[in-house]
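Okay, so here's the structure we're looking at.
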Amino acid sequence: MYELEYSMPSSVNDAVAEIKKSSEAKYLAGGMTLIPTLKARLSSADMLVDLKGANLSNVSVSSSEIVIGSMTRHCDVASSSEVLSSLPALAKLAGGIGDHMVRNCGTIGGSLANNDPAACYPSAVLALDATIITNERAITAEDFFVGMFETALNENEIITEVKFPIPEKASYIKFPNPASRYAMVGVFIAKKANGVAVAVTGAGENGVFRCSEIENALNSSFNVGSIDNVEISPDGLNNAIHASGSYRANLIKEMAKRALNEMI
Amino acid sequence: MEISITINGKEVKANIKANTLLSTFIRENLNLTGTHVGCDTSQCGACAIHLNGDAVKSCAILAAQADGAEITTIEGIANGDELHPMQQAFHENHGLQCGYCTPGMVMSSIKLVENNPNISEEEIRKGLEGNICRCTGYHNIVKSIKQAATEMGG
């Protein structure tokens with residue numbers, strides 16, 4: 001790792017002031033991606049501004065939504081009684097990220113800001129129409145995810161919390177890569193008052209996306225059999241050493257069926 | 001920068017470079033070499049320690065991030081000459097071959113058991129996702145953890 005400086009401001013405003021001191025500074029959330037990439041010199045920074053002190057880790061729930069602070073760790077979402085009772089699919093998703101030691105550090109805000117194309121959280125955010133709240137504005141899920149490792153966040157913008165509307169039902173199933181445990185394909189299905197949303201992570205060349213083919217089939221009839229005849233095109237899916245596009249297309253259907261089986 | 005950490009019950013203060021990894025600090029500054037660095041890409045779990053009561057991978061954390069924290073390493077879990085039940089169980093069940101991954105296995109699985117005292121074999125195997133062993137095939141590791149879970153009060 002190149003030499004750098006470290007600071008841990010005690011508020012979001014102080015963190016913004018701190019990061020503006022250098023054009024090469026980066027925010028540090030849980031660090032489960034950033035520190036290993038800095039070590040490998042795949043990225044660099046002359047200063048890390050740790051958001052741990054900025055009071056951003058909390059979970060609250062109302063009758064219609066769950067609000068999760070950006071520095072809330074995966075382990076805390078997975079074990080939160082509020083999340084377990086009102087949106088258990090999200091607790092299960094958080095409890096399946098990485099391993100238990102990674103979940104003790106990694107955060108929802110860090111995961112979303114990184115927008116790894118194989119990360120789990122983006123699928124829940126997109127399927128549930130969550131809103132990303134930052135120190136500057138509110139961003140819809142649809143606008144937030146721009147492409148692989150790319151988001152709508154401005155240079156010094158900080159995610160402060162994520163608001164998840166509570167659906168009627170939801171389920172998330174992933175097919176982990178046997179080595180890395182990242183999702184080769186992960187499918188999040190949400191049944192909401194205004195219809196069914198299906199978001200797919202791990203498969204798309206540009207990261208997470210909504211799968212309209214499966215959504216249409218489920219909106220006409222919400223059962224496992226209704227997606228039997230759905231054709232998923234391998235176009236635009238990752239065609240890589242670990243899985244071809246057509247294999248991933250098949251996994252999307254298979255994971256969707258498994259998710260539906262949990263919901264019906 | 002100045003940091004202050006309580007490690008195995010002892011407070012240490014040190015002046016370090018901000019890019020020092022916690023695993024490096026533990027091994028090279030404090031000479032506690034029981035914490036191993038295996039893959040250095042935060043996948044193998046040989047560097048597992050307890051940070052404020054949670055099992056974490058010390059090669060993926062800066063020492064600076066641990067300023068003010070309480071840390072326990074493999075050197076800090078025995079009670080004098082009496083091994084921790086998890087260490088004793090690894091010893092009795094031959095839960096190791098070369099031993100390189102063992103400190104991480106022990107530190108990680110102590111927390112798996114503390115957080116889930118009646119842990120099942122399936123949960124142990126799933127829980128060990130973040131700890132890689134290239135010798136044993138895991139069989140005796142799982143056996144060790146099951147025995148320790150019983151002794152730890154499960």
Side-chain angles (χ1 to χ4, degrees), chain A residues 1-10 22 25-53 71 73-76 78-79 92 95-107 110 174 176-182, chain B residues 1-3 16-25 35 37 39-69 104-105 107-116 119 123-132 145:
Chain A
M1 192 185 307
Y2 294 106
E3 289 207 8
L4 45 73
E5 286 177 53
Y6 169 91
S7 76
M8 193 182 71
S10 54
S22 158
K26 281 189 165 67
Y27 291 123
L28 173 64
M32 290 297 96
T33 298
L34 183 54
I35 301 289
T37 53
L38 287 170
K39 281 168 67 180
R41 296 191 173 179
L42 294 168
S43 67
S44 64
D46 62 3
M47 170 175 303
L48 292 178
V49 180
D50 193 342
L51 297 176
K52 187 173 56 184
M71 288 295 285
R73 301 174 303 166
H74 307 324
C75 61
D76 295 323
S79 64
K92 185 187 159 198
I97 297 171
D99 58 63
H100 76 113
M101 293 176 279
V102 167
R103 293 193 288 275
N104 284 338
C105 296
T107 63
K174 70 172 166 178
N177 176 299
S180 74
R181 315 309 288 167
Y182 269 93
Chain B
M1 60 181 291
E2 287 281 340
I3 60 165
I16 55 159
K17 284 187 173 177
N19 63 350
T20 307
L21 292 168
L22 184 53
S23 52
T24 309
F25 179 71
T35 299
V37 175
C39 65
D40 217 19
T41 56
S42 60
Q43 300 186 44
C44 80
C47 64
I49 57 155
H50 300 165
L51 175 72
N52 293 330
D54 291 325
V56 297
K57 292 176 169 175
S58 65
C59 86
I61 296 173
L62 297 174
Q65 289 174 273
D67 185 22
M105 287 284 176
M107 297 308 282
S108 171
S109 52
I110 286 173
K111 287 297 162 187
L112 287 177
V113 171
E114 282 181 3
N115 294 330
N116 183 5
I119 194 164
E123 288 168 328
I124 292 170
R125 289 185 181 274
K126 195 161 170 32
L128 287 177
E129 268 185 327
N131 293 87
I132 295 174
I145 297 169

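Numbered from 1 within each chain, the chains take letters A, B, ... in sequence-line order.
When the side-chain hydrogen bond (donor to acceptor under 3.5 Å, both in side chains) test is applied to A:Asn104, no partner is found at least two apart in sequence or on another chain.
In this structure a side-chain-to-backbone donor-acceptor pair under 3.5 Å is present from A:Lys39 to B:Cys59. Remark: the backbone N or O of B:Glu129 is not paired with any side-chain donor or acceptor of A:Asp99 at under 3.5 angstrom.
Summarising the geometry, atom CG belonging to B:Asn115 is positioned 9.0 Å from atom OG belonging to A:Ser79; distances are rounded to the nearest 0.5 Å.
In terms of heavy-atom pairs under 4.5 angstrom with chain A, the leader among B:Leu62, B:Thr20, B:Leu51 is B:Leu62. Comparing B:Ala48, B:Ala55, B:Ser42, B:Gly127 by how many heavy-atom pairs each has under 4.5 Å with chain A, the most go to B:Ala55. Heavy-atom pairs under 4.5 Å with chain B peak, among A:Leu34, A:Ile35, A:Thr37, at A:Ile35. Residue with the most contacts toward chain B among A:Leu38, A:Val102, A:Leu28, A:Leu48: A:Leu28 (heavy-atom pairs, distance under 4.5 Å).
At a 4.5 Å heavy-atom cutoff, the contact between B:Ile61 and chain A is made by backbone and side-chain atoms alike. Residue B:Lys57 touches chain A through both its backbone and its side chain, counting heavy-atom pairs closer than 4.5 Å. When heavy atoms are compared at a cutoff of 4.5 Å, A:Met8 does not approach chain B at all. Using a 4.5 Å cut-off between heavy atoms, B:Asp40 contacts chain A through both its backbone and its side chain. Contact of A:Glu3 with chain B is made through backbone and side chain together, with heavy-atom distances under 4.5 Å.
When every heavy atom of B:Ala18 is checked against every heavy atom of A:Leu4, the shortest pair comes out as CB-O, 3.2 Å. Summarising the geometry of B:Met1 relative to A:Tyr6, their closest heavy-atom pair is CE-CD2, 3.9 Å, with the distance given to 0.1 Å. Of all heavy-atom pairs between B:Ser108 and A:Met101, the closest is OG-CE, 3.7 Å.
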Side chain to side chain contact (heavy atoms under 4.5 Å, CB included) between B:Leu21 and A:Met1, worked out | CA-CA 9 Å; B:Leu21 292 168; A:Met1 192 185 307; 3.9 Å; yes

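A heavy-atom distance below 4.5 Å is not found between the side chains of B:Asp54 and A:His100. Between B:Thr41 and A:Pro36 there is no side-chain heavy-atom pair separated by less than 4.5 Å.
Atom NZ of B:Lys17 has 12 or fewer neighbouring heavy atoms from other residues, nucleotides or ligands inside a 6.0 Å radius. More than 12 heavy atoms of other residues, nucleotides or ligands lie within 6.0 Å of CD in B:Glu123, so this atom counts as buried by the packing criterion.
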